[in-house]
J.: 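Here it is, the structure in full.
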There are 2 protein chains.
Amino acid sequence: MAARGSYEELARHLSGIGAVRREMSRGFPADCPPASAAVLALLHKYGEMRMSRLAELMVIDMSVTSRHVAHTAERGWVERLPDPRDGRSRLLCLTERGRRQLDTLSEATTEALESFLHDWTDDDIARLNGMLARLRESFGDCRARVTRQDTPHPAARHCSRK
Amino acid sequence: MAARGSYEELARHLSGIGAVRREMSRGFPADCPPASAAVLALLHKYGEMRMSRLAELMVIDMSVTSRHVAHTAERGWVERLPDPRDGRSRLLCLTERGRRQLDTLSEATTEALESFLHDWTDDDIARLNGMLARLRESFGDCRARVTRQDTPHPAARHCSRK
DNA sequence: TATTGTTATACTCTATAACTATA
DNA sequence: TATAGTTATAGAGTATAACAATA
C-alpha cells in the first residue's frame with residue numbers, strides 16, 4: 001500500500017498519457033485510426049481469433065470491437081471467415097494487405113519513438129514495458145479475466161489468402 | 001536506440017493503457033467526467049492559472065480546454081476571474097466546492113488503485129511514476145514546450161472565495 | 001434459453017476554423 | 001496586427017440496449 005500522493009500522481013500520469021498516444025498516432029495514414037492499428041497489431045501478435053477474444057484483448061465492448069473490425073475489413077486489411085466449429089462466430093485474420101499496412105504503421109511508430117526517446121537506453125524501454133505490462137495485468141486481473149492460453153504463441157497462424 | 005520489437009511493444013501498451021484509465025474513472029460521480037477531474041487536479045496542484053497554461057498542462061487545444069473548464073465552472077467547482085494584467089485573459093481558480101469535489105475524486109482514485117495495485121510496493125509505484133514522468137517529458141520536449149516555471153510550487157495560491 | 005456478433009443511439013474527448021474582445 | 005479565449009462543426013472512441021442468427 002502506498003501513500004495517497006503516489007496514487008494521485010499515478011492518476012495524473014494515466015490521464016496525461018493519452019497525449020503521448022495522440023502524439024504517436026499523428027504519423028498514421030489518414031484512413032487508419034489508432035483503433036484500427038490496434039486491431040491489426042493484435043491479430044499479428046496473437047494470430048487468428050474470434051471477435052470476442054479480440055474484444056477482451058482490447059478491453060472494450062464487443063459492439064465497439066465490431067465496428068473497428070468492420071473498418072479494417074472494408075479496407076481489405078482483415079477478413080472475417082466463418083468459424084467451422086460455431087456458426088455464430090467469425091474468425092478474424094490478417095490479410096496480405098493488412099500485413100503491409102501494419103508494416104507502414106510499424107515504421108511510423110518506430111520512427112516516432114526513436115526520435116522522442118532518443119536518450120532512452122534499451123534497458124530503460126524494457127523496464128518501462130515491464131512495468132506497463134504489470135500495470136495492465138494488475139487491472140486486468142480484477143475484471144473480465146482474459147482467458148489464459150493468451151500467451152503470444154510464436155506459431156501465430158494467419159490468413160493465407162491474398 | 002532500442003530494438004524495433006521494444007518500440008512495438010511500447011506502442012501496444014500505450015494504446016492499451018486507456019483501458020486502465022477508463023477502469024479507474026468508473027468510480028467517478030456521473031456529472032464529473034475524467035476531463036473535469038483533470039482540470040480540478042491540475043488547478044489544485046499548480047494553483048491559479050490562465051486558460052492557455054492549463055491547455056499546455058493538459059496537452060490539448062485551448063478550445064477543448066475551454067469547454068472542460070466551462071463544465072466545471074457551471075457546477076461551481078472553478079471560477080474564471082478577470083486578469084487584472086490582461087483584459088483578454090481569465091484566471092482560473094478552484095472554489096471551495098471544487099476542493100470538496102476533488103476530495104471525493106481523490107478518495108475514489110485511491111480506493112481503486114489500492115485495490116488494483118494491492119501487491120505493488122511503495123517503491124514499485126514510485127518507479128512507475130518516475131518512468132511515466134520521464135516518458136511524458138520526452139514527448140513534451142519535442143513539441144509545444146511547456147514554459148519552465150511549471151514546477152509545482154508548494155505555495156500554490158487558490159481562490160479564496162466561497 | 002443462452003451466446004455471438006451487429007446495429008442504433010448517446011456521450012466523452014479532441015481538432016480545426018471562424019469569431020469576439022482586448023493588446 | 002496579433003493574442004486570449006469562445007463557439008460551431010466534425011471525427012474518433014466508448015457504452016448500453018435492442019436485435020438477428022445460431023447453439
J.: Using atom CD1 of A:I60 as one end and atom C1' of C:dG5 as the other, report the distance to the nearest whole Å.
T.: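 Atom-to-atom, A:I60 to C:dG5, this comes out as 14 Å.
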
J.: Does D:dA12 have OP1 or OP2 sitting under 4.0 Å from an N or O in the side chain of A:H71?
T.: no

J.: Does A:R99 reach the side chain of A:E96, with side-chain heavy atoms less than 4.5 Å apart?
T.: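 Yes, at least one pair of side-chain atoms sits under 4.5 Å.
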
J.: To the nearest angstrom, how far is B:D83 atom CG from C:dT22 atom P?
T.: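 Value for this atom pair: 13 Å.
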
J.: Look at all strands and tell whether A:R21 reaches a base, only sugar-phosphate, or nothing, counting heavy atoms closer than 4.0 Å.
T.: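 If one applies the 4.0 Å heavy-atom cut-off, A:R21 turns out to touch nothing in the nucleic acid.
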
J.: Can you tell me the distance, in whole Å, between the CE atom of A:M58 and the C1' atom of D:dA15?
T.: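 So the two atoms are 15 Å apart, to the nearest Å.
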
J.: Are A:R53 and C:dT4 close enough that a side-chain N or O sits under 4.0 Å from OP1 or OP2?
T.: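 For A:R53, the contact criterion (side-chain N or O under 4.0 Å from OP1 or OP2 of C:dT4) is not met.
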
J.: Closest approach of A:V69 and A:R80, non-hydrogen atoms and distance?
T.: CG1-CD, 3.8 Å

J.: Side-chain N or O of B:R67 versus OP1/OP2 of C:dT12: is the shortest distance under 4.0 Å?
T.: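 Result: no.
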
J.: Whole angstrom is fine here: how far is it from CZ in A:R22 over to P in C:dT14?
T.: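 Distance, rounded to whole Å: 5 Å.
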
J.: Would you tell me if any nitrogen or oxygen in the side chain of B:R50 comes within less than 4.0 Å of OP1 or OP2 on D:dA4?
T.: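 Indeed, a polar side-chain atom of B:R50 lies that close.
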
J.: Determine whether the side chains of A:S36 and A:W77 contain a donor N or O and an acceptor N or O closer than 3.5 Å.
T.: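 No, A:W77 and A:S36 have no side-chain donor paired with an acceptor closer than 3.5 Å.
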
J.: In this structure, how many angstroms lie between the P atom of D:dG13 and the CD1 atom of A:I17, rounded?
T.: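 Roughly 18 Å, once rounded to whole Å.
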
J.: In terms of the nearest nucleotide of DNA chain D, which residue is placed more toward the 5' end: A:M62 or A:A35?
T.: A:A35

J.: Looking at B:T65, does any N or O in its side chain come under 4.0 Å of the phosphate oxygens OP1/OP2 on D:dG5?
T.: no

J.: So does A:S63 reach the base of D:dT16 with its side chain, donor to acceptor, closer than 3.5 Å?
T.: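 When only heavy-atom distances are counted, A:S63 does reach the base of D:dT16 through a donor-acceptor pair under 3.5 Å.
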
J.: Using a 4.0 Å heavy-atom cut-off, does B:R85 contact any base of the nucleic acid, only the sugar-phosphate backbone, or nothing at all?
T.: nothing

J.: B:S66 side chain N/O closer than 4.0 Å to the phosphate oxygens (OP1, OP2) of D:dT6?
T.: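 So the side-chain polar atoms of B:S66 do come within 4.0 Å of the phosphate oxygens OP1 or OP2 of D:dT6, strictly under.
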
J.: Round to a whole Å and report the spacing from CG of A:D61 to C1' of C:dT4.
T.: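 One finds 12 Å between C1' of C:dT4 and CG of A:D61, rounded.
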
J.: Any idea which heavy atoms bring B:D119 and A:S138 closest together, and the distance?
T.: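 Closest approach of B:D119 to A:S138, heavy atoms only: OD1-OG, 4.2 Å.
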
J.: Please work out if B:D86 contacts a base, only the sugar-phosphate, or nothing of the nucleic acid, heavy-atom cut-off 4.0 Å.
T.: sugar-phosphate

J.: For B:R90 and D:dT6, is the shortest distance between a side-chain N/O and OP1 or OP2 below 4.0 Å?
T.: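 B:R90 to D:dT6 OP1/OP2: side-chain N or O found under 4.0 Å.
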
J.: How long is the line joining CZ of A:R26 and C1' of D:dA12, in whole Å?
T.: 13 Å

J.: Kindly indicate, with the supporting measurements, whether the criterion side-chain hydrogen bond (donor to acceptor under 3.5 Å, both in side chains) is fulfilled by B:T121 and B:D123.
T.: CA-CA 5 Å; B:T121 67; B:D123 276 356; 5.5 Å; no

J.: Expressed in angstrom and rounded to an integer, what is the separation of B:L81 atom CG from D:dG5 atom C1'?
T.: 15 Å

